[in-house]
There are 2 protein chains.
Amino acid sequence: MTRYSRQHKIVVAVDCIIFGFDGQELKLLLIKRGFEPEKGKWSLMGGFVQPAESFEEAASRVLHQLTGLENVYMEQLYAFGDPHRDPTERTASITYFSLIDIHKYEKQISDEYHAEWFPVNQVPDLIFDHPAMIKMAKEKLRYKAAIHPILFELLPEKFTLPQLQNLYEGIYDTVLDKRNFSRKVLSTGLLIKQKEKEKASSKKGAFYFKLDKKKYQKKFDAFLNFIPNPDNLK
Amino acid sequence: MTRYSRQHKIVVAVDCIIFGFDGQELKLLLIKRGFEPEKGKWSLMGGFVQPAESFEEAASRVLHQLTGLENVYMEQLYAFGDPHRDPTERTASITYFSLIDIHKYEKQISDEYHAEWFPVNQVPDLIFDHPAMIKMAKEKLRYKAAIHPILFELLPEKFTLPQLQNLYEGIYDTVLDKRNFSRKVLSTGLLIKQKEKEKASSKKGAFYFKLDKKKYQKKFDAFLNFIPNPDNLK
DNA sequence: TCAAAAGTGTTCTTATTACACCCATGG
DNA sequence: CCATGGGTGTAATAAGAACACTTTTGA
């Protein structure tokens, strides 16, 4: 068969913007780049797309390499293609952002890559256009979480309402009324109250909830509205 | 400097999903593909990314080639990268969707490519994964237009409320109450009433409106809510 | 026994929906 | 003079926001 013989060809990589939540603040998993150029500098976890791989497969592979995790929430963010974004050679980057339960990733794997979690607002200097990627990912997360029940992906299987509220407050850098928050969240029908309480962070203890996975699938694309005035955010 | 010498390289193309509205229904501009493989079949307008071009630049160039238009609404949709999506040779496609005023494009240019407008729900057989691209673009348009004042991009500078309502009704395949619709639209403050009326489509005539460009810029990312129950759409 | 965090109810305000009549005009 | 499509108002309902006290219990 014919080929597009004279066409310009480009190295294509994937980069993963990996979010986690430690109960206090939103964090990003970054690695120390292991090869030239910019070896030893901080970077998003990435990798080159291999001949038999789709972009999604490459991104899942890369995420798995770093975290040991599979089947986590991941979506394509944006294709970065500026011809000079990597000074070595033209390289496009298809970026993916994922939300993981920070307690589930395998630290020893992560250690091999010299990975560290950084608070989203205190990331170190990064290579190339990775700061722009992170900026876009943060914006998209805030945008999407204001409408869709996406943040549960960052929490462990069982979590409390105060934990969930903390997460929203952290992401939107705001303070929410707990009465209104719990009413709104519970009114979605997405949460199932457990019998046990989390007793570590308060004397009274807070009830655990689990996600109702079936309803979650169904409501995922629904427009919720967890954040009162998404317009008025800082 | 070093190069990623042994890395797999990929031909990268852009494809444009071009929406227009003729006053009656939402349409897509498609071309007859001019080269092998699949020469003569219907296709999205596309082109290969050139060495010095970013993806955005390539997409703008391709759109301009077909329509003669510049500075129209365009946003990146998705990067399609399945290794076998083009049987000739591995080719990634970065897709962009744009909204144009259907009356502004230059028909003679379009004729060179044997381009035609098709109602979005009656597109012919298309090459490769172009049907999936169109499906995604339609979904994104509906999604986005339910929240953001994006559909004005499809209308001429001056338009009437009935025209605008027709557009929303067409895109959501629904019927809206004109009293509630006009109240909601006008309450955004985005529209400036003109003195003239459009007299072609009714005896009484309908007032023209123009977009308040400044407010439009400001409110573009705001969450509006033109469609009563985005959840309950068919 | 008290400090600290969890949990819950009511009122007010605003937004959304449903719904029906008059207006202007060209034929 | 009437058929056609444009334009407008009101009342009922639902959703969102503001707000404060009681409960539990470990130290």
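FYI, side chains are in, hydrogens and waters are out, and symmetry mates aren't considered; it's all heavy atoms of this structure. Here is the naming used below: chain letters follow the sequence lines, and residue numbers restart at 1 for every chain.
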With A/W42, the ring pair (Phe, Tyr, Trp, His ring centres under 6.0 Å) member among A/Y113, A/W117, A/F128, A/F118: A/F118

Atom-to-atom span, CZ of B/F226 to P of C/dA15 - whole angstrom: 15 Å

Parallel, tilted or perpendicular, as decided by the 30° and 60° cut-offs, for the rings of A/Y216 and A/F220: perpendicular

Nearest-angstrom distance from the residue atom CD of A/Q165 to C1' of C/dA5: 12 Å

Heavy-atom pair of closest approach, residues A/Y73 and A/S98: O-CB, 2.8 Å

Selected nucleotide, minimal atom distance to A/K184 side chain, candidates C/dT17, C/dT25, D/dA17: D/dA17

Separation of C/dT16 P from B/L224 CG (nearest whole Å): 10 Å

For atom CZ of B/F207 and atom P of C/dC23, their distance in whole Å: 15 Å

B/F223 CZ to D/dA15 C1', straight-line distance once rounded to whole Å: 18 Å

B/K197 NZ: over 12 foreign heavy atoms closer than 6.0 Å: yes

Side chains of B/N121 and B/K138, donor plus acceptor under 3.5 Å: yes

Phosphate OP1/OP2 of C/dT16 contacted by B/N225 side-chain N/O (<4.0 Å): yes

Touch class at under 4.0 angstrom, heavy-atom based, for A/S201 against every strand present: sugar-phosphate

Non-hydrogen atoms of B/H130 and B/L44 that approach each other most closely: ND1-N, 3.0 Å

4.5 Å side-chain heavy-atom contact, B/F207 and B/Q194: no

Candidates D/dT25, C/dT25, C/dG7 - which lies nearest the side chain of A/K203: D/dT25

Earlier contact from the 5' end, DNA chain D, for A/K197 and B/G205: B/G205

Between C1' of C/dA15 and CD1 of B/I227, the distance in whole Å: 16 Å

Working for ring-ring contact (aromatic ring centres under 6.0 Å, His included), residues B/F80 and B/Y78: CA-CA 6 Å; B/F80 289 78; B/Y78 200 74; 5.2 Å; yes

Under 3.5 Å, which N/O atoms of the protein pair with N/O atoms of nucleotides 8-10 of chain D?
{"residue": "D/dG9", "atom": "O6", "partner": "B/R183", "partner atom": "NH2", "Å": "3.1"}
{"residue": "D/dT10", "atom": "O4", "partner": "B/R183", "partner atom": "NH2", "Å": "3.0"}

Check: D/dT23 base within 3.5 Å donor-acceptor of A/K204 side chain: yes

Terminal axis angle for the helix from C/dT1-D/dA27 to C/dG27-D/dC1, five pairs an end, nearest 10 degrees: 0°

Minimum heavy-atom distance B/A59-B/C16, with the two atoms named: O-SG, 3.7 Å

